[in-house]
Amino acid sequence: MAGSPTARRRRLSIELKKLREKNGLTCAQVGAALDWSGSKVNRMETGSGRVQPSDIDALCRFYGTSDELREFLKSLARQAKTRGWWQAHGSGVPEWFSIYIGLEQDASTIRQYQCEVVPGLMQTEAYARELHTCGSYMSPENIDRAVRVRLERQAILAGADGPDSWFVVSEAVVRRIMGDRQVMREQLEHVLEVAERPGVTLQVLPFDAGTCPTTGPFTMLGFPDPGDPDIVYRDGITDAMYLEGEPHVREYTRAFDELRAAALSPRRTVEFVKNVVKEYAR
């Protein structure tokens with residue numbers, strides 16, 4: 001079963017939608033049969049509304065499911081109500097990003113391309129604070145919370161059962177000075193340390209790599225349960241986009257494969273970053 005409340009809620013939504021589609025019904029038809037609105041059924045299937053165990057009972061009776069499936073879905077509904085550790089930081093974590101953290105905690109694979117900043121799972125406290133402070137609309141207290149959350153997220157790369165993680169970053173990421181040269185030197189030294197961990201791969205896409213997919217930054221998350229399809233995540237300053245479905249995942253997978261094929265090998269990447277570290281140390 002999925003590990004984080006967000007992942008459980010997503011799995012529940014997927015299973016409820018599969019049940020309805022298997023029965024060849026629309027949300028409006030299911031709602032009418034149960035004296036609900038069609039929008040309630042839709043909210044349950046998109047994860048935008050709370051699902052009570054009593055709702056699961058009603059749906060499973062209507063669909064004629066097995067007792068085992070009903071109890072499994074009720075368990076998902078109950079556990080989806082729990083709070084993730086990151087939610088204790090309140091407004092330091094926007095709702096649209098809270099969803100991502102919940103999915104990231106349960107991911108078995110992470111594929112990420114960054115063209116502007118060091119991946120969040122590799123950032124030092126000083127670097128993360130610089131990013132959150134520059135032009136920020138957040139209060140100092142929320143900046144502190146946001147930085148703590150970013151650092152706590154990094155624990156998933158430290159464990160033996162962490163996700164298989166592959167990061168491709170543009171040369172601009174290591175060249176652009178955030179804060180000052182000391183912040184960047186310490187940041188790149190930390191990146192090299194993280195890249196040595198089992199299950200972590202890092203590549204730099206150099207300026208002279210030629211034409212590559214102009215996608216902007218993105219992350220692809222894969223999950224251990226075959227019932228949880230891959231998802232593509234893209235974010236901005238005030239919101240985020242979650243893309244699911246085979247066409248989206250296929251095209252972003254193709255783009256990521258092209259990016260890492262054009263990037264320096266992991267070994268050459270280490271040499272490249274070490275040379276930049278020396279430049280910042282002068």
Side-chain angles (χ1 to χ4, degrees), residues 2-22 26-27 39 41-49 51 76 80 84 86-87 93-122 149-150 153 156-157 162-170 173 201 203 205 211-263:
S4 74
T6 307
R8 291 179 179 123
R9 190 176 304 116
R10 179 173 182 253
R11 178 68 184 282
L12 177 61
S13 300
I14 291 170
E15 294 298 329
L16 293 179
K17 184 176 181 180
K18 284 167 57 178
L19 277 173
R20 177 179 57 77
E21 292 179 340
K22 181 180 178 180
T26 66
C27 290
S39 60
V41 178
N42 179 261
R43 289 194 300 272
M44 294 167 71
E45 293 184 4
T46 57
S48 57
V51 181
L76 285 178
W86 57 93
Q87 293 174 307
V93 183
E95 179 60 29
W96 53 267
F97 191 58
S98 177
I99 295 171
Y100 172 78
I101 297 177
L103 295 171
E104 181 185 70
Q105 295 296 300
D106 199 60
S108 57
T109 64
I110 298 175
R111 300 291 182 265
Q112 186 174 104
Y113 171 62
Q114 284 289 353
C115 53
E116 297 292 339
V117 299
V118 170
L121 293 176
M122 292 182 161
V149 169
R150 181 151 301 185
R153 283 171 51 207
I156 66 173
L157 296 187
D164 178 61
S165 305
W166 199 306
F167 303 96
V168 177
V169 301
S170 167
V173 170
T201 301
Q203 291 181 269
L205 182 70
T211 304
C212 295
T214 55
T215 60
F218 65 92
T219 302
M220 293 188 298
L221 301 176
F223 303 92
D225 195 308
D228 296 330
D230 293 357
I231 190 168
V232 177
Y233 170 80
R234 302 188 64 171
D235 65 7
I237 296 176
T238 60
D239 61 3
M241 179 184 300
Y242 295 85
L243 302 173
E244 298 182 80
E246 193 273 335
H248 293 301
V249 173
R250 181 185 66 243
E251 290 305 308
Y252 275 88
T253 298
R254 179 190 60 78
F256 189 79
D257 287 344
E258 291 186 19
L259 288 165
R260 63 182 179 180

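One finds the OG1 atom of T253 at 6.5 Å from the CG atom of D257 (value rounded to the nearest 0.5 Å). Rounded to the nearest 0.5 Å, atoms CG (D106) and CD1 (I101) are 14.0 Å apart. Taken from CG in N42 to CG in L16, the straight-line distance is 11.5 Å, to the nearest 0.5 Å.
Between S108 and P224, the closest heavy-atom pair is OG-N, 3.3 Å. For V173 against Q114, the heavy-atom pair with the smallest separation is CG2-O, 3.6 Å. Taking each heavy atom of S170 and C115 in turn, the nearest pair found is CB-CA, 3.7 Å. Heavy-atom minimum distance, C212 versus L205: SG-CD1, 3.9 Å. Considering every non-hydrogen atom in both G120 and Q112, the closest pair reads N-OE1, 4.3 Å.
Using a 4.0 Å cut-off between charged nitrogen and carboxylate oxygen, K18 and E45 do not count as a salt-bridge pair. R111 has no carboxylate O lying under 4.0 Å from a charged side-chain N of D230, or vice versa, which leaves the two without a salt bridge.
Counting heavy atoms from C-beta on, the side chains of L121 and I110 come closer than 4.5 Å. For the pair M44/S13, no side-chain contact is recorded, criterion being any heavy-atom separation below 4.5 Å from C-beta on. Taking 4.5 Å as the limit, every side-chain heavy atom of V118 sits out of range of all side-chain heavy atoms of V169. Contact annotation: the side chain of P229 approaches that of I14 to within less than 4.5 Å [non-hydrogen atoms, C-beta and beyond]. Proximity of T109 to L221: side-chain heavy atoms (C-beta onward) are nowhere separated by under 4.5 Å. With contacts defined as side-chain heavy-atom distances shorter than 4.5 Å, the pair P213/L259 qualifies. Two residues are said to be in side-chain contact when any heavy atoms from C-beta on lie closer than 4.5 Å; R260 and W166 meet this criterion. Taking 4.5 Å as the limit, some side-chain heavy atom of I231 sits within range of a side-chain heavy atom of R10.
The aromatic ring centroids of Y113 and F256 lie 6.0 Å or more from each other.
Side-chain atoms of T219 never come within 3.5 Å of backbone atoms of Y233 as a donor-acceptor pair (strictly under, hydrogens ignored). Although no hydrogens or angles enter the test, the distance criterion places a donor-acceptor pair under 3.5 Å between the side chain of S165 and the main chain of P163.
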- Message: Go through it in stages, so that I can follow the logic: the residues are L243 and Y252, the test is side-chain contact (heavy atoms from CB on, under 4.5 Å), and I'd like the CA-CA distance, side-chain angles, deciding distance and then a yes or no.
- Response: CA-CA 10 Å; L243 302 173; Y252 275 88; 3.7 Å; yes
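Side-chain polar atoms of R153 and Y100 form no donor-acceptor pair below 3.5 angstrom.
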